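Within every chain, numbering begins at 1; the chains are lettered A, B, ... in the order of the sequence lines, protein sequences first and strands thereafter. These figures come from a predicted structure and were not determined experimentally.
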Number of protein chains: 2
Amino acid sequence: MADATVKVRRTQVERRAHTRAALIEAAVACVNIVGPASVSTAQIAATAGVTRGAVQHHFGSAQELYLAVVNHAWEEIAAVYRTAPGLDVSLDRRITGWGTTMVQAYTHPAALAGYEILVHYRGNAGFMAEHTPMALAAEQRLDELWVAAFTDTGLSRAELVGIRHTARTFMLGAVARRLMIPETDADLRRELTDLLRAFLPARQ
Amino acid sequence: MADATVKVRRTQVERRAHTRAALIEAAVACVNIVGPASVSTAQIAATAGVTRGAVQHHFGSAQELYLAVVNHAWEEIAAVYRTAPGLDVSLDRRITGWGTTMVQAYTHPAALAGYEILVHYRGNAGFMAEHTPMALAAEQRLDELWVAAFTDTGLSRAELVGIRHTARTFMLGAVARRLMIPETDADLRRELTDLLRAFLPARQ
């Protein structure tokens, strides 16, 4: 009896999590196709294969759904960062690897949708007040992953964090530029790797 | 008689140019205040102190007005570039000067409005087809101004152009970032100057 109750509960929790994830994925796809200004919760629900009431039920409002999308974007960026090479790889190959990783992280569909949503909601003080602590915590996690990969360079933590912030701002510009001018991932990877190499100590 | 005709014509030309410039300045102000999605030609005309028909008369359509705003943005960016230090200044002070110049150029109100318009119209193939040759010509003028200021570094033209493109992409990211997170011009100038210094030969 107790076991059956636990089983039913877990299934409900799993089903809820599945519907939330499906709505977030659908929102990413819809925002990337039509933009955050034109997308509707009805379109997102239809793409996710759920009823229109599901957005209200699971998120309360479109704004909370979009905050969940941005939070998901930060998680995906961190997940890609975790695939970057560490101290066991030569500095030269590590820099090239991080160039690839950062391009993957910031051109991930979730990251692009998160960026579009942030640009769209930037004038909305309530949205930004909920986003800012989320962004600061996420950026700090990314700082830790980056600093841990370059502790052997002899640069201070502050210097390393500064280099990541410059590289991240460059990538943000590259994403904005890409919205206007088509370019290949290969060109972007090379440009970002050159930037990292200019700042980090000479190749080993 | 001939003189009088010339005088009247010039006055009409001047008046037309004045109205066009007033509409472009008003569009810059309105786009920066309410964004390109919410601004109307009626609001722009009212801000410029002209009738609603003036937009139609001088530009034909809202889209042509916005193209003129973007063109104006490119001209303002080039005008700021022309104030940057040249070969008569030490390399160290020249790099600092260019850091200041680029921050001024890309945070100019016309540049910010042009950026917002481009992001808004990026999915409009007709708009982008008119913009792309304008952008390529403008970027080439900016390349010439930059390369001429650093011919004494021993770097090739292609290397110098590559460094400017990286710096410009960083600035585009900084502008996008600034839409979301407040920061000071001083921090941004220092970060951009560090980037230029990392790429250009050691200080003199």
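A salt bridge does not link Asp185(A) with Arg190(A): none of the charged nitrogens is closer than 4.0 Å to a carboxylate oxygen.
Between Phe150(B) and Trp98(B), the angle of the ring planes lies from 30° to 60°, which puts this pair in the tilted group.
Of the possible polar contacts, one joining the Thr96(B) side chain to the Asp92(B) backbone as a donor-acceptor pair under 3.5 Å is found.
Scanning residues 155-174 of chain B against chain A with a 4.5 Å heavy-atom cutoff picks out His165(B), Thr166(B), Arg168(B), Thr169(B), Phe170(B), Leu172(B), Gly173(B), Ala174(B), ordered by number. Taking 4.5 Å as the heavy-atom cut-off, none of the residues of residues 56-65 of chain A approach chain B. Taking non-hydrogen atoms and a 4.5 Å limit, the residue list of residues 106-118 of chain A in contact with chain B, ordered by number, reads Tyr115(A), Glu116(A), Leu118(A).
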Should Tyr66(A) and Tyr121(A) be marked as a ring-ring contact (aromatic ring centres under 6.0 Å, His included) after you check the CA-CA gap, both sets of side-chain angles, and the distance that decides it? CA-CA 9 Å; Tyr66(A) 291 134; Tyr121(A) 276 99; 5.8 Å; yes
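When side chains are defined from C-beta on, Phe199(B) does not count as touching Arg197(A), because their heavy atoms never get closer than 4.5 Å. You'll find the side chain of Glu25(B) stays beyond 4.5 Å of the side chain of Thr47(B), heavy atoms only. In this structure, the side chains of Leu67(B) and His131(B) come closer than 4.5 Å at one or more pairs of heavy atoms.
Shown here is Arg93(B), whose CZ atom has no more than 12 heavy atoms of other residues, nucleotides or ligands within 6.0 Å. Other residues, nucleotides and ligands place more than 12 heavy atoms under 6.0 Å from the CZ atom of Arg16(A). Counting heavy-atom neighbours within 6.0 Å of Glu14(B) CD, excluding the residue itself, gives a total above 12.
Here the CG atom belonging to Leu196(A) is positioned 6.5 Å from the CD1 atom belonging to Ile95(A), to the nearest 0.5 angstrom.
The heavy-atom pair separating His120(A) from Pro36(A) by the smallest distance is CB-CG, 3.6 Å.
Among residues two or more places apart in sequence or in another chain, the side chain to side chain contact (heavy atoms under 4.5 Å, CB included) test is passed with Ala79(A) by Arg82(A).
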